[in-house]
Each structure stands twice: as C-alpha cells, then as structure tokens.
Amino acid sequence: MLAAKQIRDSFIDFFQQKGHTSIPSSPIVPVNDETLLFANAGMNQFKDIFLGLVPSQYPRAVNSQKCLRVSGKHNDLEEVGKDTYHHTFFEMLGNWSFNDYFKAEAIRWAWELLTEVWGIDQDRLWATVFAGDQNEGLPADNEAAELWTKVTSISAERVLAFGKKDNFWEMGETGPCGPCSEIHIDLGPDACDKKTVRYHKCQVNGDCARFIELWNLVFIQFNRQADGKLLPLSAKYVDTGAGLERVVAVLQHKKSNYDTDLFMPIISRASEISGHKYTAALGNKTDNAFRVIADHIRAVVFAITDGATPSNEGRGYVIRRILRRASRFGRELGMHEPFIYKLVPVVVECLGNAFGEIEERADYVSTVIEAEEASFGRTLDRGIEIFAAAAKRAAKTADKTITGEDAFQLYDTYGFPLDLTQLMAEERDLKVDTAKFEQLMEEQRQRARLAQKTEMLLRYFSGSEGPAFPKTDDKYKYETGHCESKIIGYFDNKGPKKEGRIRVGEDAGIVLDKTCFYAEMGGQVGDCGVIESKEGRFVVDRTVGLLDYIIHAGKMVEGSLAVGDKVTAIVSKDRYATKKNHTATHLLQWALQNVLGKSVSQQGSYVGPDYLRFDFTYPKAPTSEQIREIEKLVREKITADLPVTCVVMPREKAEKLGAMALFGEKYGNEVRVVGLGAEADDKIHEAFSKEFCGGTHVDRLGTIGGFKITKEESISAGVRRITALTGSGLMDYLEKASDIVDELSAMLKVPSEGLVERVEQLIKDNKQLTKKLKTAARAAGSDIMTEAKKLLENCEKIGEAHIIIGKVSTDSVESAREAVDMLKKKAKSAVIVLGFEEDDKATLLAGATDDIVKRGLKAGDIVKSIAPIIDGGGGGRPQMAQAGGKDPAKIREALTKASELIKEKLKSP
Ligand code: ATP
Ligand code: MG
C-alpha cells in the first residue's frame, strides 16, 4: 500500500515527466493579497498570470498546494467531522498549463494517472462536462465531451453534462473563466449516506457520499466583461485540482479520509491522551470529536506556521475560532486541560517531510496553541454552563431561538465565537438570533472605533472636505538633515489652518511643502528638530504622518512664524543615533536568524535615538551563549565597516531577491529595499541582509560604533524581546558601568581586574561568619538540652503527669528528638510538645510516655490537630510524632492550642 507521501510524490513525478516544473506551495496566508484570507485553491498564486498582469515563468507547473476552506466563498467548516471527505485544511494537487497544452492533454493525463499509474478501476470513475447555459450565453463544452471518449477509455455513458453551478468556473464577477470537467469516484452503494431519504438521487452531483469528486479540470478560455459578455481569451490556461486526502483514501482502500496515514496517527495520539477509543463511526459524538480535532490541528499548525496568530480580527480570528472549536470538542473527550498543542509533533511527523516549514516552527506553534488553549480553557467550562442556561430558556420559546444578547454575552465574556454557539445550538435543535448578535457586535465596534485616537484625529484634522493639505514631499529625509521649505499650513487646537500666524508660546503642528523630517513609521520614531527663520524659532518634538502630509508638532519658542513663510527645517542630531539603531536592528535580525534559525520572524520594533528594541517569534529563552554569539556576529559586521545600500524597486523584484518583508504589512508596487554589505546599488543582490524598509540608515556599518544587548525577555507566548544599544547610547552605558567599577575598586582597594575575585571572597567570608555566629550563640547557653531542662523545671503538672510545652532553638530534628527522649526519661510521666524554626520552616515534635498513651492521649493525635495552624501536616506514633509547616510565626499559637488540648484530655476522667 502506498503511503500518502509516495502518492503526493507520484503525482508530482508524473507531471514532471510530462514537462511540468515542480514548484512549492504558496503560503497558506497569502502574501500581498488582501482579497483573500487564506489560500483556498492551487490557482491563487497564479491569479495575476490568468489576469494577464504578469507573464508566467514556465509553460507548465505542478505542485501540492496548502489550502484552507474556512471562510468566504469556500467554507467547509460545518462539514468537518460529519462526513469523511471535507476538511478545513487539505492539500490540492494541481497541474497547470499557461497557454501551452489544453483540454486534450489535461484529460488524457488525468485519466492515465488515475487508471494506469494509480490503477483505479475505470468502472468506478465518472466524468462530467459543462452542458452550457442559454440565459448566460454560455456554450456547452462539446469539445471536452468528445475528447473524453476520444483520448481515454471511458465509456460514453459515464460522461455526464451539468450546468453552470457544477461545471463552470469564474474567478469573480469579471475576468478569466471557463468550463470545467470533473472526475468523480463511485465508492459503492454502502457509502450512500441517504439510504432512507425518499427522493434521494444516488448519482454524481446528487449530494450523496457514494459519489465523491476527486479532481477538477478547469479550462480557462473566456474573459467576462463588465457588461457580462464573454470574450474568448487569446491565452488559454489549464488549472486542475485534486484533493490529496481523497485520493489517498481511495488508493489505501479506506472508507474515510480519516482512516488514512494522513490522519490516523493524529487520532491515535488524541486517543492515547484522552483515554477514549476511536471507532470511526459517523454520527457518533466521540468519533466526531476525534475527527474535528484531527482536522483542526492540521489547519491551525499550517496557518500559524505561515504567519497567522490567534487574535480578534481577520485571519487571526479565523484561527482563534478553529482552535476554540477544537477545544470545545475536546470536552467531548473529557479533556479539560490544554492538550491540542500536544498533537503538533504528530502533525509534523505526518507532513513535515513535505512541508519543512512546519518542522522548523513546531516549537513556536506549540507555544502559541498552548497559550491560546489555556486562556480559552479558563472561561470555556463556565461558558458551557452559561450556554446551557441560555439553551434552556430558548427551548421554552416558540421559535426555539437563543437570544442575540445571550450569544453576545457568550462571545464577549466567555470568548465563544458565534459559530461555536451556533454549532452547540444546532446540536440541541435550537437556532441563534444572529441578527441581534450582529447588531450588538456593531454597537461594540462603534464604541471601540470612537475610542480609537487616530480615527478621531483623522476626523478632526481632515475636516469634512477631505484632506486639509496636499502631499508633503519628504524624500529629503534620506538625503539630508537640513532643507529650505515653506509653511503651507498648520494645526492648532481648533483644527487645520491654511492661513495665520503661530506666536511665541503656542503649540502647533506645522505642515511644510517639503521636509527632511522623518515621520514615525515602521518602528522608527519621528524626528525632532527645529523649523526657523529670521522671524521665529519653532521646536519640533514629534513628527507624524497623517493622510498624505507630514505634521511637525511642537512649540514656538521665539518670535512667530506665519503660513507662507520661507523657513529652514533642521533635524536634530538625534537622528544620527536613530540611524545607527535602525541599521543595527537589521543586523540583529540577520544575526538572530543565523544563530536561532530561520523561524525567527519580526513581530515589532522600536527604533529611537536612545536604544533599539526588537520583538521576534521564538519559543524559548535563547541561552547566554547564543546571545553572546549574536552580539559577536553583529560586531564583526560593524568592524568590517561594510556599506549600506537602499534601492527602490518593483515589489516583485524585491520578493525575488528574497528581501524580508514585515509580516502582515501592506506594500505598494514600488518598495524600498535596504541591503547590508553590497558594494553598490546594482549589486544589492549580494547583500547579506535585505529587508523591505522605509527607514533611515547609516551609509557604512562602521558608523554604528558598537553593539550590546542589554536585556532579553519574553513578552507573550512565543514572542521574545531584545533591547540593545549602539553608538552614543552604548558609550553612555559603558561610561556609567565603568564609573561603578571605579567606585567599587576604590572602596575595596583592588584594581578592577581583581574585583570579581574579591567580591566572591567577601560573599564566602560572610557566609562563614554567619555560621560561626549561630554556633557561638548556641554555645552561649541556648543549647537545646539546657532549654529543655528549663522547660521541665517550670512545667505544669496534672497529677503525676508533666505537661512540657515550649519553643526551643535548634536547627536539627534529631537534637529535638533527643530532647524529647531525655524529657520522657527524666519526668517518667509526661506529655511533651516542642516547636522550633529553621530557614522559614516550622517543626513541631510531640512525645508521650506509655502511661499517658494508655490514658488515650497520643502524640500522633496532638500533632495532627495542631499542624494546620503552622500551615503544614504530619503525624507519627502514639509515643512520638512530628509535623512540618510553612508558617513559623504561628508556632506559639500551635503550642498554646496543644496545651489546651492536653489539659482538657488529662482533666477529663
Ligand atoms: P466538493 O464539491 O466535494 O466540495 P469542490 O467542488 O468544492 O468539491 P474544487 O473547488 O473543485 O472542489 O476543488 C478541487 C478538489 O479539491 C476537489 O475535487 C476535491 O478533491 C478537493 N477538495 C475540495 N474541497 C475539499 C475539502 N474541503 N476537503 C478536502 N478536499 C477538498
Ligand atoms: Mg466544495
């Protein structure tokens, strides 16, 4: 039996032999495509080619594409677990022709692979073609229908024609489109899932589990115009997609995709962890939970690996929803603690050999999943109770509907995504008032939006007529720290002004026609400086971009300046320090990837004149050796004084160069790439570090002057933060450190080289002295035996029995026991309770002579009843018992209690 990996490989091999270039899957989180949350088909990455925007690099291609169908046009989330062949995450095997071969080859090769290479019985296969649509003016695809019987051995009655819904593919309202031809497999009458449904049609496209679509061949041959008309495309494309999981199930002779080696290892592990058995039955709650969890963990591993993280919006929220759904299904398996993250290694085992990235980032992914499970887990059980109450109320209503308010409370307070509430409602045949829920959500969004400062600023500044000022030309920020400009307007606390004068003492935000000031962006702080003329001097303490223009915010410190004035804008020298820190941040990222691996990716940064901070994904704390190594790599580059080049180029070129982009950032068609170590602009491909970046940088690395990491910490699950210094910030730091060393040196009267040794010696001496002090104190009369004897001399008696109770000073239980034994011998008849403290711990010892034990008073009982007072526990024999606890301050209280107990017992007859 072929393993899934062999099946995937055989698909690729087959088409490589037919002249196709094997290409990698595009990331499941699309890069630079805002129209799509997640890749959902193999064609996504070729969209621009089909639209005729870019040429293709090869005439034929083949791959296995990572797909996620959980949102938008393709959403199979509800099906997962209920059937055997719809997943959220799946692999789509595809072959493509970019204006090269067309229908005949596509059909012939698909058939050849299925029946000859993979040996599927051709009598189980059906083909479908497009029947045409008169209303839409779409012709039937007779060409494909004829080809099926001509180039394959399929019999004519197994080629069926269907309408637009099943057999016509369109990318959108307009654009490339064309008929498609699908291949379905008949899994036999047993697989029919609608046996009892009266009017059910057990046939292809009959919505029956007996017939499953394996492969879709799309022939892109038209372009739909805005007026709805179809024009033939001059370039034609073949776009195919076959679901790997379905093919594997067929080739491994399994009834369900979940029974294959793509899922079984995950299910087995979940079964081991939970102690529940998987029986592969459909419609069974426990089995369903296994399937859902196995499906969802794959989806989450791939999505997080490719850059999505659980959050409250967009892609992040989709991932959060899937994970929370999985957590809730975990409750069906009795799992109340985080456990889904434990499945990550199995997913890596199953798929790491085809998608190396999941292996690389496995630790990070586990950390993120565990943190998310833990945080949801805290409210999930309570949420389930709240849901149960809401469901109970709903069951009593006429329309059996959970109110929007309840659904919203579950969302807002207990973190239940709406679809989770719906799913749980559906299990009880209830509905959810989603309209009300959406209304409440929208109200909440409004409130949040109002609170958003930038949004308010925008409304305030841009007025009702749109942007108040034209675009500021700020290209000078890369070239100079000085420039001659003109004031074209300003903001004061009443809004934008296109004329007027700013007077001494007034706060304002000046807008210039052109500027060399850098506005806050990409982690780099905005510049400070001055704007001045003979008339006045304005100190800028913050520069921010708003819409297209740049605002220099600050205060008029001398004279006044008016709109229309010619001024000089001068950036503060701080900018030099900021530049050093910015370039050093790039060096740091490069070094981090070298030392910790490629999975390190930037999560955020702060670049100011004083220091730099860099946040990145990494599952655990780097070791101190790794930190040293990172510093060493950065310093080597600084010492080598390599050049820095900044080149503006088309985004695609930058991507091809392998320049690192900030994840989730939207870039335009033109981007600026900062390269370290390339000798000239046209050699930027030789740079050892290349990043998309709009910031300001030094010209040569030597200028940075030095580098030191001053702090490394964790800021959230899987995210670390490094703080570092360069240039004058580093100098200040070193100066301070060296002052401290000088001071210590003077105090201890040793040269600085001897300091460490000297301090070590002092610590050692100190320890010894403390010990000596203790021994001396004991020798001077606080010996436990002496103390014990004193207790005996002063003790109370009831009849013949001595009641000896007290606190003693010792640090060993043995000596305390000896004291108890000694007291027993001396007193002949006695109950003894001693307490002592040592190192923040409390110990109580009790002893009783045999005659006392005979009277029913046992040392073990005494200890048991007083141990809780010192926050501890203990016990022992009737003659001798002991307890330890964490609260030495309560020893006296415990002893008093003991005394009361004993007296009570001995007095009663
Ligand atoms: P179906 O009707 O079975 O949902 P589809 O028409 O949505 O399939 P296509 O969009 O044509 O499928 O995708 C191409 C191939 O990808 C399908 O033939 C099928 O083998 C596979 N596929 C589609 N959706 C899924 C899914 N949710 N899980 C697993 N495989 C899928
Ligand atoms: Mg579908």
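Numbering of ligands and ligand atoms starts at 1, following listing order. Throughout, numbering of the chain's residues begins at 1 and tracks the sequence.
Glu213 OE1, 3.7 Å is the protein heavy atom nearest to atom 2 (O) of ligand 1. Protein heavy atom closest to atom 3 (O) of ligand 1, with residue, atom name and distance, is Arg246 NH1, 2.9 Å. When hydrogens are left out, the protein atom nearest atom 22 (N) of ligand 1 is Phe90 CE1, 3.5 Å; that is the closest non-hydrogen contact. Of all protein heavy atoms, the one lying nearest to atom 28 (N) of ligand 1 is His87 N, 2.9 Å. Here the heavy atom of the protein found nearest to atom 15 (C) of ligand 1 is Gly241 O, 3.5 Å. Atom 4 (O) of ligand 1 has its closest protein heavy atom at His86 NE2, 2.6 Å. When only non-hydrogen protein atoms are considered, atom 7 (O) of ligand 1 lies nearest to Arg69 NH1, 3.1 Å. The protein heavy atom nearest to atom 27 (N) of ligand 1 is Asp76 OD2, 2.6 Å.
Under the 30°/60° scheme for interplanar angles, the aromatic rings of Tyr258 and Phe263 are found to be tilted. The aromatic rings of Tyr101 and His20 sit tilted, their planes meeting at an angle between 30° and 60°. Between Tyr58 and Phe98, the two ring planes are tilted [angle within 30° to 60°].
Ring-centre distance between Phe130 and Trp169: not below the 6.0 Å cut-off. Ring centers of Trp96 and Phe46: under 6.0 Å apart, within the cut-off.
Between Leu214 and ligand 1, a contact under 3.5 Å exists for at least one N or O pair. The shortest N or O to N or O distance between Met92 and ligand 1 is not under 3.5 Å.
Using a 4.0 angstrom heavy-atom cutoff, Tyr85 counts as in contact with ligand 1. Contact analysis leaves Glu245 out of contact with ligand 1, as no non-hydrogen atom separation drops below 4.0 angstrom.
Remark: Asp100 engages Arg60 in a side-chain hydrogen bond (donor to acceptor under 3.5 Å, both in side chains) (not counting sequence neighbours).
A cation-pi geometry, defined here as NZ or CZ lying under 6.0 Å from the six-membered ring centre and within 45° of its normal, does not hold between Lys66 and Phe302.
Atoms of ligand 1 found under 4.0 Å from any heavy atom of Asn216, numbered from 1 in the order shown, are 11 (O). Per-residue contacts place Trp215 under 4.0 angstrom from the following atoms of ligand 1 (heavy atoms of the residue considered): 18 (O).
Not one N or O on the side chain of Gln65 forms a donor-acceptor pair closer than 3.5 Å with the backbone of Glu91. Asp306 places no side-chain N or O within donor-acceptor distance of the main-chain N or O of Ala303, the cut-off being under 3.5 Å. Looking at Thr21, its side chain never comes within 3.5 Å of a backbone N or O of Ala61 through a donor-acceptor pair.
The option with the heavy atom closest to atom 21 (C) of ligand 1, from among Gly94, Gly243, Cys67, is Gly243.
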